[in-house]
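Below: one structure, written as structure tokens.
Because the structure is predicted, anything quoted here is derived from the model rather than measured. Atom set for the values below is all heavy atoms of this structure, side chains included, hydrogens, waters and symmetry mates excluded. Start at 1 with the first residue, then count along the sequence.
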Amino acid sequence: MAVRVKIRIKANEKSKILTVLVNGGAESEEPVIVIKPTDARDLGLNIDDFELIEVELASGITHNLISKRKVTLELLDDEGKVLSLTEAYVAIDEDLTEPLITDATIDELGIQVISFKKGLWRHKNDPPELIRESALRC
């Protein structure tokens, strides 16, 4: 099990809800969400909206497309209510198996992981007794 949350991405007057992996091992200086090319197209983003950058992974150096401008990310609860929001860059990865958010995005959205293995988390504004379960992987 892992921690996954529901995120609504808003860009170009379009929006899409995705279940994303909360990946504390993915480091970024600014909030970033990593998505598939098909998700970017659904949001009306095209190649002119991105630039190619070098990305350091644990397995080595690679290159990814990253948006020139930020989009809005909304963290949603089980009923679709917005818990928090932030602005983030979009990275596109053609080899991605599931969308993910980086450590900076996790912090900005107020996600506090209780157990990665059990898929448990809470929002920073939740009462201490409230423990949320991971969203199901799509």
Side-chain angles (χ1 to χ4, degrees):
M1 168 87 31
V3 175
R4 292 178 179 85
V5 296
K6 294 282 186 185
I7 297 284
R8 180 183 295 122
I9 307 172
K10 292 182 172 183
N12 299 324
E13 298 181 20
K14 295 183 179 185
S15 69
K16 184 167 186 163
I17 296 175
L18 296 173
T19 299
V20 301
L21 180 66
V22 175
N23 190 347
E27 299 175 5
S28 63
E29 292 181 25
E30 295 280 336
V32 174
I33 184 167
V34 186
I35 61 175
K36 298 176 185 180
T38 53
D39 295 323
R41 280 192 290 276
D42 291 347
L43 291 164
L45 301 171
N46 64 55
I47 195 71
D48 295 333
D49 297 319
F50 293 85
E51 60 187 343
L52 190 64
I53 64 163
E54 188 174 88
V55 178
E56 183 179 354
L57 304 174
S59 58
I61 303 292
T62 188
H63 293 84
N64 280 97
L65 292 173
I66 191 151
S67 61
K68 296 175 185 175
R69 285 173 282 178
K70 292 181 177 181
V71 298
T72 300
L73 302 182
E74 296 176 338
L75 175 64
L76 305 176
D77 69 8
D78 291 337
E79 287 91 41
K81 178 184 165 196
V82 177
L83 295 172
S84 57
L85 58 88
T86 192
E87 300 294 310
Y89 291 101
V90 174
I92 296 179
D93 187 337
E94 291 185 14
D95 298 322
L96 196 66
T97 57
E98 68 179 303
L100 65 90
I101 54 176
T102 64
D103 59 349
T105 316
I106 295 164
D107 285 352
E108 286 291 318
L109 289 171
I111 298 167
Q112 299 174 338
V113 175
I114 296 168
S115 171
F116 281 105
K117 183 176 174 134
K118 295 178 182 176
L120 302 175
W121 67 283
R122 72 168 43 98
H123 186 264
K124 68 179 180 181
N125 294 332
D126 286 342
E129 66 275 3
L130 179 58
I131 297 175
R132 299 175 186 272
E133 294 184 358
S134 182
L136 295 177
R137 183 176 179 178
C138 295

Practice item. Would you indicate whether the side-chain heavy atoms of Leu43 and Asn12 approach each other to under 4.5 Å? Key: no

Study note, to complete from the structure: For Thr102 and Glu30, the nearest pair of non-hydrogen atoms, with its separation, is OG1-O, 4.1 Å

Review point. Can you check whether Thr19's main-chain N or O pairs, donor with acceptor, with Arg137's side chain at less than 3.5 Å?
Key: no

Review point. Which heavy atom of Leu21 sits nearest a heavy atom of Ala2, and at what distance?
Key: CD1-CB, 3.7 Å

Exercise for review: Group every Ile, Leu, Val, Met, Phe, Trp and Tyr by side-chain heavy-atom contacts under 4.5 Å, then state whether Ile33 and Ile92 land in the same group.
Suggested key: yes

Review point. Under 4.5 Å between side-chain heavy atoms, hopping through other hydrophobics if needed: is there a path connecting Leu109 to Ile9?
Key: yes

Point to revise | Leu136 atom CG, neighbour heavy-atom count above 12 within 6.0 Å | key: no

Check your understanding: Would Ile7 end up clustered with Val32 when hydrophobic side chains under 4.5 Å apart are linked, directly or stepwise?
Key -> no

Practice item. Indicate, with yes or no, if Leu96 and Ile53 share a hydrophobic cluster defined by side-chain heavy-atom contacts under 4.5 Å among Ile, Leu, Val, Met, Phe, Trp and Tyr. Key: yes

Review point. Closest approach of Ile111 and Trp121, non-hydrogen atoms and distance?
Key: CG2-CE3, 4.0 Å

Study note, to complete from the structure: Closest heavy-atom pair, Thr86 versus Pro31, reported as atoms and distance to 0.1 Å, is OG1-CG, 4.3 Å

Revision key, fill the gap. dist Leu18:CG -> Lys6:NZ (nearest 0.5 Å) comes out at 8.5 Å

**Study point:** Heavy-atom side-chain proximity of Leu52 to Leu65 below 4.5 angstrom
**Key:** yes

Review point. Would you say Glu133 has more than 12 foreign heavy atoms packed within less than 6.0 Å of its CD?
Key: no

Point to revise | Distance in Å, Ser15 OG paired with Glu74 CD, rounded so as to fall on 0.5 Å steps | key: 8.0 Å

Check your understanding: Got a donor-acceptor contact below 3.5 angstrom from the Asn46 side chain to the Asp48 backbone?
Key -> yes

Point to revise | Test item: Asn64 side-chain N/O and Ala91 main-chain N/O as donor-acceptor pair under 3.5 Å | key: no

Revision key, fill the gap. When every non-hydrogen atom of Pro127 is compared with those of Arg122, the smallest separation belongs to O-NE, 4.0 Å

Exercise for review: Working to the nearest 0.5 Å, report the span between CG of Leu85 and CD of Glu108.
Suggested key: 10.5 Å

Review point. Is the NZ atom of Lys68 crowded by more than 12 outside heavy atoms at less than 6.0 Å?
Key: yes

Review point. Where is the tightest heavy-atom contact between Leu100 and Ala26, given as atom of each residue plus distance?
Key: CD1-CB, 4.0 Å

Review point. Which distance, rounded to the nearest 0.5 Å, do you find between the CD of Glu54 and the CD1 of Ile61?
Key: 5.0 Å

Review point. Does some side-chain heavy atom of Arg132 sit less than 4.5 Å from a side-chain heavy atom of Leu83?
Key: yes

Revision key, fill the gap. Here the gap from Leu130 atom CG to Asn125 atom CG, rounded to the nearest 0.5 Å, amounts to 11.0 Å

**Study point:** Salt-bridge present (Arg69, Asp49; N to O < 4.0 Å)
**Key:** yes

Exercise for review: Say whether, by atom type as modelled, one donor and one acceptor occur between the side chain of Ser134 and the main chain of Arg4 under 3.5 angstrom.
Suggested key: yes

**Study point:** Single-linkage hydrophobic cluster Val71~Val34, side-chain heavy atoms < 4.5 angstrom
**Key:** no

Exercise for review: Return yes if a side-chain donor-acceptor contact under 3.5 Å exists between Thr72 and Glu87, otherwise no.
Suggested key: yes

Review point. How long is the gap from CZ on Arg41 to CD1 on Ile35, to the nearest 0.5 Å?
Key: 10.0 Å

